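The block underneath contains the structure these notes are about, expressed in structure tokens.
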Amino acid sequence: MNIPHEEIRERGDRSWSMRLFEELVATRDEDVVTEICKTIEALEDYRLEKPLFEVVLNQANDDFVRRSAIHGLCVVPTTDTEEQRRTWWHSGDEILRKLAANLFERTEDDLILEILTDCSHPLYSDAISKISMGGYEQLKFQKFLVEAFSHTDAEVREDASRGVVFAEPVIAEDGLISLINDPDADVFDGVMFTLSWFSSQKVILGLHQNLQHCATDRKSDLGSIIGGVTGKCFESLQNCKEHSAAAEHYFQEWLKPVLSILEQVEVEKEIDSRRAEQCEVDSRSSKKKIPKSKNVRPSVKSLISELDNPNGNWRKIRYGGVVWHRVDWASYGRLDRKRLTDFFANHLDPTIREIGCPALAVWNEADLLLQFLNATSFSLRRSAAYNLKDLGTDEKIAEILWQQLLKPGVEVSYAREMLDSLEKHERQSTLAEKLLAYIEMDRGESLRTSALRKLVCLGAEPYLKPLVKLLKEEPSPSWMFHTELIEMCAEFKFDAPNISFLKTIDDFDFQAAFCIYLAERS
């Protein structure tokens with residue numbers, strides 16, 4: 001079958017969904033499977049879940065076909081549960097075990113760790129691929145990604161090298177630098193992509209050293225990454241300079257190990273020039289009146305007609321048709337609201353329910369949004385959590401959100417939305433207490449940092465001061481939380497412990513904040 005993949009993806013043409021499914025289970029070409037799944041992912045068609053599951057669960061089908069269907073299931077909305085995934089895992093059927101491993105959620109951390117502890121496990125590459133997609137930022141998972149840098153399979157090394165970009169763990173720096181010389185081009189590309197996000201003297205030194213000896217065809221990429229990383233360094237220096245001469249001096253002293261390299265990379269003037277240009281643009285823009293987008297009020301009939309067309313142009317529905325954030329949901333009358341609420345509540349497509357969440361918030365449909373917090377669709381759960389903050393303050397909602405946050409296996413971005421909504425609904429007298437408790441849990445560094453920022457905004461000094469001692473902790477996995485802590489110390493004039501240790505932390509953002517802290521104390 002001649003499939004116009006680019007055209008289908010561009011339009012989000014769901015009329016192709018079943019034909020794509022038929023070709024997926026008919027082909028024996030892995031490259032074709034990959035191309036089809038890329039197109040299926042763009043369609044987000046919930047209708048493909050059932051036929052794909054039927055193919056995988058039917059043990060009469062050959063293994064290649066079942067594996068192809070698993071690839072498809074990884075890119076469509078699915079409604080599988082923890083109970084189902086654990087049943088498949090313990091089924092004794094290797095294909096079903098592969099299905100489970102590819103659909104694992106954070107509630108199955110014990111099972112994915114079971115795979116990761118054995119690099120010879122037949123599903124090891126699946127597990128590395130899974131945790132490399134983000135959401136596994138705890139140090140225990142990052143250690144497995146770093147260990148995978150030395151795996152014999154180049155695809156595993158590439159997945160691992162790209163996967164650490166989300167958490168930027170300090171423990172990955174040495175391994176990434178050593179992978180610069182990996183013979184596989186895809187691994188090298190992955191390493192270059194990831195190192196471009198790191199910000200340390202070690203990375204600058206490692207990149208520069210490799211630049212002297214690497215293959216000619218890699219020198220350009222390495223030089224570009226060095227320019228980007230040193231650019232971040234100069235940004236941090238500029239932040240110190242804008243604060244005070246003392247902060248600038250402290251940062252320059254810290255930079256001495258890489259000064260000779262920085263002098264070779266002329267980006268400081270470029271950054272200053274870019275900032276000046278941006279200030280000029282901002283100044284001009286501020287004088288112009290930017291017209292506000294007008295709200296729209298499509299009829300209920302047209303809304304339902306557009307959203308409920310199963311073979312419609314999905315990209316237009318999702319992104320380019322009615323601009324959903326501009327719909328004036330408050331202008332709809334009682335009967336229209338009832339009809340649309342029923343439509344959003346009961347639609348089989350979880351993405352349609354997700355689109356309806358802002359409307360449900362405007363109409364104060366708290367019970368329905370809270371019900372969506374338990375949906376099998378991650379994006380629907382996250383949208384419901386996000387929109388709950390637009391409801392009137394309600395302590396009952398706060399308690400439900402808190403109980404959700406306490407559940408094991410809560411996804412990072414979902415938890416972040418719940419923290420934002422908790423901040424809206426929780427009483428001020430108890431919010432600080434709960435935020436402190438959340439910081440003390442092992443829920444990932446970015447969530448810990450988000451909770452700390454909220455505590456700082458509350459100005460809850462009695463809860464903040466005991467946290468200063470956490471500066472002594474090792475990075476878990478990066479220095480992001482420590483950076484927030486030292487900024488807190490500067491703002492509230494807390495004394496930071498073990499100053500000599502803090503001076504050795506190799507991170508541009510942390511050292512800029514620390515130098516500003518030292519300048520404040522001088």
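Just so you know, these numbers use all the heavy atoms, side chains as well, and skip hydrogens, waters and symmetry mates. Please read all numbers here as calculations on a predicted model, not as lab measurements.
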Can you measure from CD1 (Ile36) to NZ (Lys38) and round to the nearest 0.5 angstrom?
13.5 Å

Between Gln404 and Leu373, the two heavy atoms sitting closest are OE1-O, 3.9 Å

Test log, rule side chain to side chain donor-acceptor pair (under 3.5 Å), inputs His243 and Glu520:
CA-CA 10 Å; His243 179 271; Glu520 290 282 342; 2.8 Å; yes

Is it the case that atom CE in Met441 sees more than 12 heavy atoms from other parts of the structure closer than 6.0 Å?
yes

Just verifying a value: how many Å separate Ile261 CD1 and His208 NE2, rounded to the nearest 0.5 Å?
5.0 Å

Donor-acceptor under 3.5 Å (Glu395 side chain, Arg427 main chain):
no

When you measure from the side chain of Lys50 to the backbone N and O of Arg47, does any donor-acceptor pair fall under 3.5 Å?
no

For Lys472, is the NZ atom crowded, meaning more than 12 foreign heavy atoms sit under 6.0 Å from it?
no

Pair Asp390 + Lys424: basic N to acidic O under 4.0 Å:
no

Salt bridge between Glu399 and Lys434, side-chain N to carboxylate O under 4.0 Å?
yes

Give me the one residue out of Val456, Leu452, Leu419 that meets side chain to side chain contact (heavy atoms under 4.5 Å, CB included) with Leu435.
Leu419

So, do Lys143 and Val146 sit near enough that their side-chain heavy atoms are less than 4.5 Å apart?
no

Got a sec: does the NZ of Lys503 have more than 12 other heavy atoms crowding it under 6.0 Å?
no

Classify the side-chain pair Ser200/Glu173 by whether it contains a donor and acceptor separated by less than 3.5 Å.
yes

Is any NZ, NE, NH1 or NH2 atom of the basic residue among Lys396 and Asp394 found under 4.0 Å from an Asp or Glu carboxylate oxygen of the other?
no

Measure from the side-chain N and O atoms of Arg443 to the backbone N and O of Leu405, and report whether any donor-acceptor pair falls under 3.5 Å.
yes

Is a donor on one side and an acceptor on the other found under 3.5 Å between the side chain of Ser224 and the backbone of Ser220?
no

Would a distance-only check, ignoring hydrogens and angles, find a side-chain to backbone donor-acceptor pair under 3.5 Å from Glu147 to Leu116?
no

Between Arg97 and Glu94, does any side-chain N to carboxylate O distance fall below 4.0 Å?
yes

Is any side-chain heavy atom of Phe166 less than 4.5 Å from a side-chain heavy atom of Glu137?
no

What's the separation between atom CZ in Phe104 and atom CG in Asp80, rounded to the nearest 0.5 Å?
11.0 Å

What I want to find out is whether Arg157 reaches Asp182 closely enough, with some N-O distance under 4.0 Å, to be called a salt bridge.
yes

Within the 4.5 Å heavy-atom criterion, are Leu207 and Ile177 side-chain neighbours or not?
no

Trp479 vs His482 aromatic rings, parallel, tilted or perpendicular, using cut-offs 30° and 60°?
perpendicular

Roughly how far, to the nearest 0.5 Å, is the CD atom of Glu158 from the CG atom of Asp189?
7.5 Å

Electrostatic pair Asp93:Arg66 at N-O distance under 4.0 angstrom
yes

So, are Lys202 and Asp174 salt-bridged, with charged N and O less than 4.0 Å apart?
yes

Indicate whether any N or O donor in one side chain lies under 3.5 Å from an N or O acceptor in the other, for Glu445 and Ser478.
yes

Does a side-chain heavy-atom distance below 4.5 Å link Leu195 with Ile180?
yes

Glu155 atom CD, over 12 foreign heavy atoms within 6.0 Å:
no

Do Phe198 and Val229 make a side-chain contact, defined as non-hydrogen atoms from C-beta onward lying under 4.5 Å apart?
no

Distance-minimising heavy-atom pair for Leu458 and Gln428:
CD2-OE1, 3.0 Å

Is Val258 close to Thr230 at the side-chain level, that is, under 4.5 Å between some pair of heavy atoms?
no

Could you check whether any side-chain N or O of Glu114 sits under 3.5 Å from a backbone N or O of Asp110, counting only pairs where one atom can act as donor and the other as acceptor?
no

Ignoring hydrogens and geometry, is there a side-chain-to-backbone donor-acceptor pair from Glu433 to Thr430 under 3.5 Å?
no

Mind checking the CD-CZ spacing from Glu484 to Arg448? Nearest 0.5 Å is all I need.
12.5 Å

Whether the side chain of Ser421 engages the backbone of Ala385 through a donor-acceptor N/O pair (distance < 3.5 Å, no angle test) should be reported.
yes

Looking at Lys493 and Glu461, is there a salt bridge between them, counting it only when a charged N and a carboxylate O are closer than 4.0 Å?
no

Determine whether Glu49 and Thr79 satisfy the following criterion, side chain to side chain donor-acceptor pair (under 3.5 Å), listing intermediate values before the conclusion.
CA-CA 8 Å; Glu49 179 191 14; Thr79 56; 2.8 Å; yes

Which atoms form the tightest heavy-atom contact between Asn387 and Cys357, and what is the distance?
ND2-CB, 3.4 Å

Any chance you could lay out the side chain to side chain donor-acceptor pair (under 3.5 Å) test for Arg162 and Ser132, step after step, and finish with the verdict?
CA-CA 7 Å; Arg162 291 183 182 275; Ser132 71; over 6 Å; no

Check whether any side-chain heavy atom of Ser236 sits under 4.5 Å from a side-chain heavy atom of Gln511, and report yes or no.
no

Thr194 side-chain N/O to Ser161 backbone N/O, donor-acceptor pair under 3.5 Å:
yes

Check step by step if side chain to side chain donor-acceptor pair (under 3.5 Å) holds for Glu354 and Ser379.
CA-CA 7 Å; Glu354 176 191 337; Ser379 60; 3.1 Å; yes

Parallel, tilted or perpendicular for His151 and Tyr124, by the 30°/60° rule?
parallel

Please confirm whether the backbone N or O of Glu30 pairs with a side-chain atom of Thr34, one donor and one acceptor, at under 3.5 Å?
yes

Separation between OG of Ser68 and CG of Asp63, rounded to the nearest 0.5 Å
10.5 Å

Where Ser413 and Phe378 come nearest, the two heavy atoms and their spacing:
OG-CZ, 2.9 Å

Over all atoms of both residues, closest heavy-atom pair of Phe508 and Ile204
CZ-CD1, 3.6 Å

Is Arg106 salt-bridged to Asp109, cutoff N-O under 4.0 Å?
yes

Looking only at heavy atoms, which two atoms of Thr107 and Arg85 are closest? And how far apart?
OG1-NH2, 3.7 Å

Angle between ring planes, Tyr136 versus Phe141, binned at 30° and 60°: parallel, tilted or perpendicular?
perpendicular

If you count every heavy atom of other residues, nucleotides or ligands that lies below 6.0 Å from Lys219 atom NZ, does the total exceed 12?
yes

Any Phe234 side-chain heavy atom under 4.5 Å of Leu262 side chain:
yes

Atom CD of Glu473: over 12 foreign heavy atoms under 6.0 Å
yes

Would you call the rings of Tyr517 and Phe514 parallel, tilted or perpendicular, taking 30° and 60° as the class edges?
parallel

Does the ring of Tyr386 carry Lys389 above it, NZ/CZ under 6.0 angstrom from centre and within 45° of its axis?
yes

Hey, is Glu411 close enough to Arg382 for a salt bridge, meaning N to O under 4.0 Å?
no

